[in-house]
*Asks:* 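Attaching a single structure in structure tokens format; questions to follow.
Note: hydrogens, waters and symmetry copies are ignored here, and every other heavy atom, side chains too, is used. For this chain, numbers begin at 1 and follow the sequence in order.
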Amino acid sequence: MATDYYAVLGVRRDASPDEIKKAFRRLARELHPDVNPDPKTQERFKEINAAYEVLSDPQKKQVYDLGGDPLSQAGGGGGGAGFGGAGFGNFSDIMDAFFGTSQQRGPRSRTRRGQDAMIRLEIDLNEAAFGTTKEIQVDTAIICATCNGEGAAPGTSAQTCDMCRGRGEVSQVTRSFLGQVMTSRPCPQCQGFGTIVPNPCPECAGDGRIRSRRTLTVKIPAGVDNGTRIQLAGEGEVGPGGGPAGDLYVEIHETAHSVFQRRGDDLHCTVTIPMTAAALGTKVPLDTLDGTEDVDIRPGTQSGQSVPLHGRGVTHLRGGGRGDLIVHVEVQTPGKLDAEQERVLRELAKLRNEERPTGQFQPGQQGLFSRLKDAFNGRS
């Protein structure tokens with residue numbers, strides 16, 4: 001065969017149609033006569049045009065691969081045809097090579113999806129721990145009942161734009177090195193819709209939607225935390241032209257509790273007891289989320305120790321079970337003693353041989369809860 005079309009385009013014989021098209025476009029940008037007027041380049045351009053005409057057509061490619069001459073059988077001679085001639089059947093590909101897609105946009109729809117909306121909802125710790133149901137009021141766009149989202153006044157309808165004749169765009173012819181090139185832009189009269197509304201709906205001013213306050217019921221699952229967002233599909237803004245509504249997101253904000261501090265699904269609190277109770281042991285009543293329970297302070301409890309109440313925290317959002325309630329103990333030393341109290345304490349110190357304690361010194365160290373509290377308050 002006189003010409004190897006695969007070699008002309010610089011592709012393998014098993015190249016895909018997309019690879020063949022990409023190779024042709026690259027060479028077309030380099031060798032087009034209006035870009036490079038050298039006679040040898042013009043001949044080379046005719047070769048790649050003929051090669052692409054064959055290899056981009058499945059039937060011609062099959063004839064060529066079997067050893068035939070598809071151009072002569074087609075009555076062509078595409079390799080010798082000039083720009084715009086019988087052999088130059090790939091004008092759209094040339095346009096794509098220089099300007100991108102040559103497809104028209106057409107009219108755009110007046111109906112579009114609405115925007116998503118978000119509302120903040122405050123709940124207390126008990127509601128976050130066990131879940132609840134809340135009613136919320138939202139101000140969003142809903143479909144106009146007067147025109148049913150069409151935007152036209154009752155008894156009227158949208159009309160075809162007489163400037164673009166419904167195409168949504170107008171064309172303009174300019175000259176370039178390729179000759180006359182047609183470009184398109186959105187129609188300035190109908191803004192690309194292809195239709196105009198001569199008599200807009202008096203209720204929505206042609207938008208197809210109005211604002212309204214609605215009441216929605218939101219189910220809050222157990223275990224939500226600050227920043228948790230609950231998605232209510234289709235409860236957001238109705239789109240222009242009565243388009244489908246967006247989604248509504250309810251963002252949870254948990255109010256601070258007077259006793260408990262939440263960390264994940266665990267709850268923390270601090271109980272302050274006198275040193276005598278810490279030494280002798282006691283039971284301290286605590287109002288938990290499940291009711292009043294006794295916190296067992298064992299004899300000899302030191303300041304900074306903690307007492308866990310398992311399963312008394314917040315419900316796990318994903319999966320069963322609950323976190324723990326951690327009670328941190330703080331032992332309080334009396335600041336003022338009367339004469340009798342001082343006598344009793346001195347007698348106790350004498351009995352325990354603690355009248356002149358030497359003390360046990362060690363590197364400065366904070367308790368776990370103190371470190372967590374300082375980190376929470378932003379102190380280093």
*Asks:* Is R229 salt-bridged to E251, going by a charged N under 4.0 Å from an acidic O?
*Replies:*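 Judged by the 4.0 Å cut-off on N to carboxylate O distance, R229 and E251 do form a salt bridge.
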
*Asks:* Can you check whether D65's main-chain N or O pairs, donor with acceptor, with R13's side chain at less than 3.5 Å?
*Replies:*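 No, R13 side chain to D65 backbone: no donor-acceptor pair under 3.5 Å.
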
*Asks:* Is there a donor-acceptor contact under 3.5 Å from the side chain of D124 to the main chain of N126?
*Replies:* yes

*Asks:* To the nearest 0.5 angstrom, please state how far the CG atom of L121 sits from the CD atom of E254.
*Replies:*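 L121 CG to E254 CD: 12.0 Å, rounded to 0.5 Å.
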
*Asks:* Please say whether more than 12 non-hydrogen atoms of neighbouring residues, nucleotides or ligands are located less than 6.0 Å from CG in D14.
*Replies:* yes

*Asks:* What closest approach, in Å, do C161 and I196 show between heavy atoms, and which atom pair accounts for it?
*Replies:* CB-CG2, 4.4 Å

*Asks:* Around atom CZ of R298, are there more than 12 heavy atoms from other residues, nucleotides or ligands closer than 6.0 Å?
*Replies:*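 Open.
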
*Asks:* Sub-3.5 Å donor-acceptor pair from the side chain of Q302 to the main-chain atoms of G300, do we have one?
*Replies:*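 Pair found, side chain donor or acceptor close to backbone of G300.
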
*Asks:* Got a sec: does the CD of E19 have more than 12 other heavy atoms crowding it under 6.0 Å?
*Replies:*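 Enclosed.
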
*Asks:* Take Y5 and E53, measure what side-chain contact (heavy atoms from CB on, under 4.5 Å) needs, and give me the verdict at the end.
*Replies:* CA-CA 10 Å; Y5 289 146; E53 183 181 353; over 6 Å; no

*Asks:* Strictly below 4.0 Å, N to O, side chains only: are E340 and R343 in salt-bridge contact?
*Replies:* yes

*Asks:* Does any donor atom in the side chain of E330 or H328 lie under 3.5 Å from an acceptor atom in the other side chain?
*Replies:* no

*Asks:* Could you tell me the separation between the CG atom of L9 and the CG atom of L27, rounded to the nearest 0.5 Å?
*Replies:*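 Between L9 CG and L27 CG, I get 6.5 Å after rounding to 0.5 Å.
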
*Asks:* Just by distance, no angles: are the side chains of R167 and S184 close enough, under 3.5 Å, to form a donor-acceptor pair?
*Replies:*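 No donor-acceptor contact under 3.5 Å links the two side chains.
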
*Asks:* Report yes or no: does D116 contribute a side-chain atom to a donor-acceptor pair with the main-chain N or O of G246 at less than 3.5 Å?
*Replies:* no

*Asks:* For V170 and P188, which heavy atoms make the closest approach, and how far apart are they?
*Replies:*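 V170 and P188 have their closest heavy atoms at CG2-CD, 4.2 Å.
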
*Asks:* What is the minimum heavy-atom distance between R209 and C204, and which atoms define it?
*Replies:*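 In terms of heavy atoms, the two residues are closest at O-CB, 3.4 Å.
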
*Asks:* Just checking Q62: does its CD atom have more than 12 heavy atoms from other residues, nucleotides or ligands closer to it than 6.0 angstrom?
*Replies:* no

*Asks:* Looking at R211, I'd like to know if its CZ atom is crowded, meaning that more than 12 non-hydrogen atoms belonging to other residues, nucleotides or ligands lie closer than 6.0 Å.
*Replies:*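 Counting other residues, nucleotides and ligands, CZ of R211 exceeds 12 neighbours.
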
*Asks:* Please report the interatomic distance CE(M118) to CG(D247), rounded to the nearest 0.5 Å.
*Replies:* 13.5 Å

*Asks:* Within a radius of less than 6.0 Å around CD of Q59, do more than 12 heavy atoms belonging to other residues, nucleotides or ligands occur?
*Replies:* no

*Asks:* Less than 4.5 Å apart, side chain to side chain, heavy atoms only: is that true for F24 and L55?
*Replies:* no

*Asks:* Kindly check if the number of other-residue, nucleotide or ligand heavy atoms within 6.0 Å of CZ (R113) is above 12?
*Replies:*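 It does: R113 CZ has more than 12 such atoms within range.
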
*Asks:* Would you compute the distance between atom CD of E127 and atom CD1 of I220 and round it to the nearest 0.5 angstrom?
*Replies:* 8.5 Å

*Asks:* Once rounded to the nearest 0.5 Å, what's the spacing between atom CG of L325 and atom CG of L289?
*Replies:*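 Between atom CG of L325 and atom CG of L289 there are 7.5 Å.
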
